[in-house]
Amino acid sequence: MKIITANRLHDGIVVFLSADGWETDINQSAILNAPDAVDAGLATAANAIRNSEIIDVNAIDVSLDENDSPVPVKLRERIRAFGPTVQYGEAARQTLAA
Amino acid sequence: MYRYDEFDKEFVSARVDQFRDQVERRMAGDLSEDEFKPLRLMNGVYLQLHAYMLRVAIPYGTLNSRQMRMLGHIARKYDRGYGHFTTRQNIQFNWPKLLDIPDILDDLATVEMHAIQTSGNCIRNVTTDHFAGVAEDEIADPRVYAEILRQWSTLHPEFIFLPRKFKIAITGAAHDRAAIQVHDIGLQLVRNEDGEIGFSVYVGGGQGRTPMIAKQVREFLPEQDLIAYTEAILRVYNLYGRRDNKYKARIKILVHETGIDVLREDIEAEFKRIRDGVLHLPKADIEAIDSYFAPPQYADLPDHTAMLDEARRADTGFDRWITNNVEAHKIQGHSIVTISLKPAGGPPGDATDRQLEIMADLGEKFSHDELRISHEQNVILPHVETRNLKEIYDILVVEGLAPANAGLITDIIACPGLDYCALANARSIPVAQDLSEHFAKAEREQDIGELKIKISGCINACGHHHVGHIGILGVDRKGEEFYQITLGGSADENTAIGNIIGPGFASEDVVGAVDKIVDTYLDHRETRDESFLATYNRIGQQPFKDALYG
Ligand code: SF4
């Protein structure tokens, strides 16, 4: 089971291929079960690269959690999908001050 | 402080215009990513896990209040309200949009800053002692020579495409606070028998996959020959350095494979050929640069140390802070303050936009408009009047900038690791946070004394784990984060690469393992003054192994 992920060219933000295009929310991503579907997804991505929409494309393994939401198998991809595991900036400062 | 000359100004602004054009062409599809990537890297722009990252150069870690304030402005306007200081005395912003970066570079240029030579196979930002110019034990201010090297290396056409990146560090004191022996070139200012200033030159140090301690290539290099000799080293490296294998391309491998004696002959031959040419540094030029680093107009003050006693007795937090974060200054009545960016449980080296601005204000009001970034990821106020210490401390407390832990076990160096870095195998920041929280109890921390923990999220060693008294390296073991521990590393004048103590630890076991290491040290030290490193060097690995695996 795979999904396709990339970074958006203009701001670098992590995006996922959905039925309608590129979304920042992993829950919108199209779940690709068959190798053909993965190939088709990568072809769509190649097109988006040519159109200067995205860079750094990867098809990544996911499993589904109890809500049927995709969760990347690898920690690296989980961190890409859900953000740093540590607080930063003002939020981090406030936690420390509390 | 050094100010840009006309050349710097024109070239930086031309570079920003060029980059703006390159970004536009990239967005329009006229440049492919393959074509664009080297261009963005030349301007300090990386793609990390979540976004682009912009690395801004802080030459030799020195900046003024306007520059620090600008970093705060950039953090707020273009990023997510914070910046991260690195072990190369630079700052990284983790979330800039590519489309904003030309504007960021424009803003930086207004305060004479840029992101050039912070990436790529060129000569990188020259690093130095964060106490340069104010340390009591210094022969001369190393920033003068760092600036000479910056001018020489900036856009040097011969050295833009080296086999690999190239890092130079300089110390002006016998006590090395700049880790010169783990740099491609390490320079130590010395005086010869006639009292003349020069350098003891080291070459071939480095960390990463193959850590090596630099070898001395010349005992005394007169200061006028600094550029000629450095150029000779770079030429020999450019000629013989391996370009076929990225992992063997650093000069340390060349030194190791060829041998320092053979290499020295080549370097000396090239040096002889060029030393009396245009690269010879006239005294007047050195003096001109030296004048930029002239000390500020210090007030003539009595030694106020005794005056602090009452405040120290009344406020134990202040007392600890003075003990750990304030150093003697070479001028009476003055002190050097380390603002620790290592709060217990916080991400090491991060500062919010507000904190950046507060530090800028403190620099302006209390430190002759000057601040430093240390390779240990802290900020220094180098010129503080001792009588102002309490006022500064009280402000720092309110702003969450007063951890009293400089040099102690919770003053941990950590790279961004897998929370941000595209090359990482494991996270570094949460490990640092767990450790600093665990050891933050004041009495215990003070009792443990000087102990440097350094954490890297992969073998590239940006977190300097090889030279940590306790080094922690994150590895990927079958998809799980695992941490290898090394002991006995050191980055000062007695540089040593730490030894792997045994099998690694799962993330949840790291704190327990470090705790055992620390307890073993406390059990074995002969006196309270015997440091962790001294005890380790005396008793060796075995007691630590027994404690961890016995
Ligand atoms: S040591 Fe590795 S993980 Fe850490 S910042 Fe460097 S490259 Fe990234």
Side-chain angles (χ1 to χ4, degrees), chain A residues 1-16 22-26 29 42 45-63 71-98, chain B residues 23 26-33 36-37 45-53 75-76 79-84 94-100 343-347 350-355 398-401 403 416-420 422 424-430 432-433 476 479-481:
Chain A
M1 193 183 301
K2 289 188 189 287
I3 61 174
I4 310 267
T5 180
N7 291 74
R8 225 158 37 193
L9 174 65
H10 74 87
D11 61 3
I13 294 297
V14 177
V15 288
F16 302 92
W22 297 92
E23 306 285 346
T24 53
D25 178 4
I26 189 172
S29 48
L42 289 172
N47 220 13
I49 289 178
R50 274 192 295 278
N51 290 336
S52 306
E53 291 171 45
I54 54 160
I55 47 175
D56 224 26
V57 171
N58 273 302
I60 59 165
D61 292 316
V62 292
S63 59
V71 178
V73 171
K74 284 198 172 150
L75 175 64
R76 178 184 200 274
E77 294 303 329
R78 287 203 293 281
I79 292 174
R80 277 185 78 249
F82 305 124
T85 64
V86 293
Q87 284 187 317
Y88 51 77
E90 186 55 22
R93 200 197 64 78
Q94 283 187 10
T95 303
L96 292 169
Chain B
V23 170
R26 175 71 187 102
M27 291 310 301
D30 298 339
L31 288 175
S32 70
E33 187 60 18
F36 179 66
K37 189 174 169 185
V45 184
Y46 290 71
L47 180 67
Q48 294 287 41
L49 290 184
H50 309 287
Y52 292 102
M53 178 269 277
R76 180 177 304 124
D79 208 88
R80 297 194 177 177
Y82 70 110
H84 173 76
N94 287 314
W95 306 91
K97 298 179 176 70
L98 180 61
L99 286 179
D100 284 341
D350 280 10
T352 66
D353 48 6
R354 182 180 161 87
Q355 288 174 327
V398 174
E399 301 298 336
L401 288 168
L418 192 55
D419 280 299
Y420 295 98
N425 286 324
R427 286 171 291 171
S428 308
I429 299 169
Q433 290 174 312
D476 177 350
E480 296 291 322
E481 293 170 297

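In what follows, chains are A, B, ... by sequence order, proteins preceding strands, each numbered from 1.
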If you tally heavy-atom pairs under 4.5 Å against chain A, which of [options] wins?
options                         : value
M53(B), R427(B), E480(B)        : R427(B)
L49(B), D79(B), I429(B), L99(B) : L49(B)
D350(B), L418(B), T352(B)       : L418(B)

Heavy-atom contact with chain A under 4.5 Å, split by part of [X]:
X       : result
P430(B) : both
Q433(B) : side chain
A422(B) : both
Y420(B) : side chain
P416(B) : neither
E481(B) : side chain
R354(B) : neither

>> Is there a side-chain contact (heavy atoms from CB on, under 4.5 Å) between L47(B) and N7(A)? Walk through the geometry before answering.
In response: CA-CA 9 Å; L47(B) 180 67; N7(A) 291 74; 4.1 Å; yes
> Do L9(A) and E33(B) pass the side-chain contact (heavy atoms from CB on, under 4.5 Å) test, and can you show the C-alpha distance, the side-chain angles, and the key distance before you say yes or no?
Replying inline: CA-CA 9 Å; L9(A) 174 65; E33(B) 187 60 18; 4.0 Å; yes
>> Contact between F36(B) and I55(A) at the side-chain level, heavy atoms closer than 4.5 Å - yes or no?
In response: no
>> Between Q87(A) and chain B, with a heavy-atom cut-off of 4.5 Å, which part of the residue counts as in contact: side chain, backbone, both or neither?
In response: backbone
>> Between R8(A) and chain B, with a heavy-atom cut-off of 4.5 Å, which part of the residue counts as in contact: side chain, backbone, both or neither?
In response: backbone
>> Pair L98(B), H10(A) - check side-chain contact (heavy atoms from CB on, under 4.5 Å), show working.
In response: CA-CA 5 Å; L98(B) 180 61; H10(A) 74 87; 5.6 Å; no
> What's the shortest heavy-atom distance between R93(A) and E399(B), and which atoms?
Replying inline: CD-O, 4.2 Å
> Any idea which heavy atoms bring I13(A) and W95(B) closest together, and the distance?
Replying inline: CD1-CE3, 4.5 Å
When only pairs under 4.5 Å are counted, which of [options] shares the most heavy-atom pairs with chain B?
options                        : result
L75(A), V73(A), L96(A), D11(A) : D11(A)
P84(A), A97(A), G89(A), S52(A) : P84(A)
I79(A), D56(A), V14(A), I49(A) : I79(A)

> For the residue pair Y82(B) and Y88(A), does the interplanar ring angle fall in the parallel (under 30°), tilted (30 to 60°) or perpendicular (over 60°) class?
Replying inline: parallel
> If you round to the nearest 0.5 Å, how far is CD of Q48(B) from CZ of R80(A)?
Replying inline: 11.5 Å
